[in-house]
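Below is one structure, written out as structure tokens; comments come after it.
Note that ligands are numbered from 1 as they come in the structure, with each ligand's atoms numbered from 1 the same way.
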Amino acid sequence: MNNYSQYLPLLKISLQKLDNWRDGYGADHQTDFIEHLEKSSIQSVLDELAEKLQGNYPFHHPQYAGQMLKPPHPVAWLAYSLAMTINPNNHALDGGPPTSEMEKEVVNLIAAMAGYENNYLGHLTSGGTIANLEALFIAREIHPDKSIAATANAHYTHKRMCRILNCNFLEIPVDQHGIPDLSFIETHAEEIGTLVVTLGTTGLGIIEPLDELMNLSHKYGFRVHADAAYGGFFKLIENELPSEKHWKKLSECDSVVIDPHKHGLQPYGCGAILFKDASVGKYYKHDSPYTYFTSDDLHLGEISIECSRAGAAAAALWATLQMLPLTSNGLGEILRKTRSAAVTFAGLLQNRPDWQLYNTPELDITGYFKVPESGTISELNKQSKHIFSAGMKNRDTGFHLSLFKVKAEDFVKKFPDYRADVPEAVLLRSVFMKEEHEGFVEELTDRIFSA
Ligand SMILES: *Cc1c(COP(=O)(O)O)cnc(C)c1O
């Protein structure tokens, strides 16, 4: 997948088609940008850019298992590039009729994956944060006098968004395994309007126990929002996951966020929000004098917080899903490989007395550390930081991980033999989110073990 230039001939053929379409409106009014520029100067600008871009870490390579980053599927790139020469805007049907149709089509597929039936409402967003903001906005509109609750492991933006929405945020404590304190929720149930449940925490990919939390929702009547920005597409292989029973409850959630730009192979600028009950559309109501109405159909701009959004993002996702449908054997096959890489990695680590796994991977993320001889957290931290930096020294034999902090008090609950001589434990963390990780994980482990 790394060699993008090999796909250019395909793009050229399709671009030619669009050029002909443009010419069909008459060639005489077109500005030829190139006419005013030396081709050689464009080349030199692009070369300088290519030079600068090499300052990135190798996100494309399986030696990179640091943060949630990977290049898009080549088809997503081609489709995005093609569509953006027109630059349609999906804020309204008239801003780009074909890409708006594609958006409805792909959102329908994501909704079907989540288990939502006909009466849902949903659209793409520029990302997971905005998608969550829409969910929390509706949460506040429905229960203006109640709190929005989420665990300490929820994405940090939920708390901040509650400040934006001027809505009280209630943090639910979790134990050392990331399990929310259910009795705390019961004690505060009257106060909670909407509970945010994260399916795949950003830190360690933990699946919060939606099954039990949904039972509490039925008992006490609060709403449930599923933040599956990272984990959502794992729904495709739910039967193979230890968290299967929680995924089965996804369709009961009042709203769901899934990011195609996380595990859907899309370039950044593609999140998705779905509401189980389409009647929440009334809270978005506006009547802008600017929006031009030439059809009576629902305008995407009427059911979203954002106005302008890239039609090209919908085109890219649409094209990708033609190649990789939302099935266990389509996109699911890629997720199966990423998870398999994490499980293999965890197994290799467990065979070593000098390494310790912090969490068994539920998805494709693991936390771990090298066992410190002194049994102190301070030494453990020093080792983690050393290994983290050592990996980045050599291009061809190196590796990229990330560091992950946990409270020392939680750490010693899991590992009581350790001495908490500092307030935080710094773990190593690997995100195996590329399918290429599956074939590279032994090599990667060797490199890490010998660092
Ligand atoms: C990444 C992530 C977000 C934020 O989404 P962006 O697309 O980065 O804005 C929210 N929640 C979870 C669980 C995430 O992993």
Side-chain angles (χ1 to χ4, degrees), residues 59 65-72 76 106-107 110 114 122-139 148-165 169 171-172 174 178 180 194-210 213 224-235 243 246-247 250 253 255-274 304-306 309-310 313-314 316-317 335 338-339 342 359 361-367 402 404 429-434:
F59 305 131
Q67 305 289 357
M68 295 168 166
L69 276 157
K70 63 174 174 182
V106 296
V107 168
I110 297 173
H123 59 89
L124 299 179
T125 63
S126 61
T129 306
I130 295 295
N132 277 320
L133 180 62
E134 297 207 12
L136 301 195
F137 163 62
I138 296 298
I148 290 171
T151 70
N153 281 331
H155 199 267
Y156 69 93
T157 47
H158 289 285
K159 193 172 182 177
R160 193 167 60 188
M161 289 188 293
C162 284
R163 284 172 58 203
I164 294 172
L165 293 166
F169 178 80
E171 185 171 298
I172 299 160
V174 293
T194 298
L195 173 68
V196 177
V197 181
T198 307
L199 295 178
T201 60
T202 315
L204 296 176
I206 293 167
I207 304 296
E208 295 190 326
L210 182 58
L213 295 168
V224 174
H225 166 61
D227 180 359
Y230 185 76
F233 289 106
F234 280 92
K235 171 82 176 150
S243 51
H246 304 305
W247 290 104
L250 189 64
C253 295
S255 49
V256 178
V257 161
I258 297 175
D259 261 5
H261 72 201
K262 285 260 177 74
H263 250 307
L265 296 157
Q266 297 308 296
Y268 287 116
C270 196
I273 169 72
L274 303 165
S304 75
I305 286 182
E306 292 171 279
R309 286 181 304 108
L317 182 55
L335 297 168
T338 67
R339 185 172 138 72
N359 70 308
E362 292 185 49
L363 299 179
D364 53 5
I365 306 175
T366 53
S402 49
F404 185 70
R429 164 177 172 263
S430 290
V431 180
F432 296 97
M433 75 182 303
K434 288 187 284 282

Relative to the ring of Y230, is the ring of F234 parallel (under 30°), tilted (30 to 60°) or perpendicular (over 60°)? tilted
Test applied, side chain to side chain contact (heavy atoms under 4.5 Å, CB included); reference residue, H158; option that passes from L133, T151, D227: D227
So, R339 side chain and E362 main chain: donor-acceptor pair closer than 3.5 Å or not? yes
Test item: K434 side-chain N/O and T338 main-chain N/O as donor-acceptor pair under 3.5 Å: no
Close side-chain approach of L124 and V107, heavy atoms under 4.5 Å: yes
Would you check ligand 1 and list the protein residues that come within less than 4.0 Å of it by any heavy atom, ordered by chain and number? G127, G128, T129, N132, H155, T198, G200, T202, D227, A229, Y230, D259, H261, K262
Determine, step by step, whether N132 and H155 satisfy the side-chain contact (heavy atoms from CB on, under 4.5 Å) criterion, reporting the C-alpha distance in whole Å, the side-chain angles of both residues, the deciding distance to 0.1 Å, and the verdict. CA-CA 10 Å; N132 277 320; H155 199 267; 5.5 Å; no
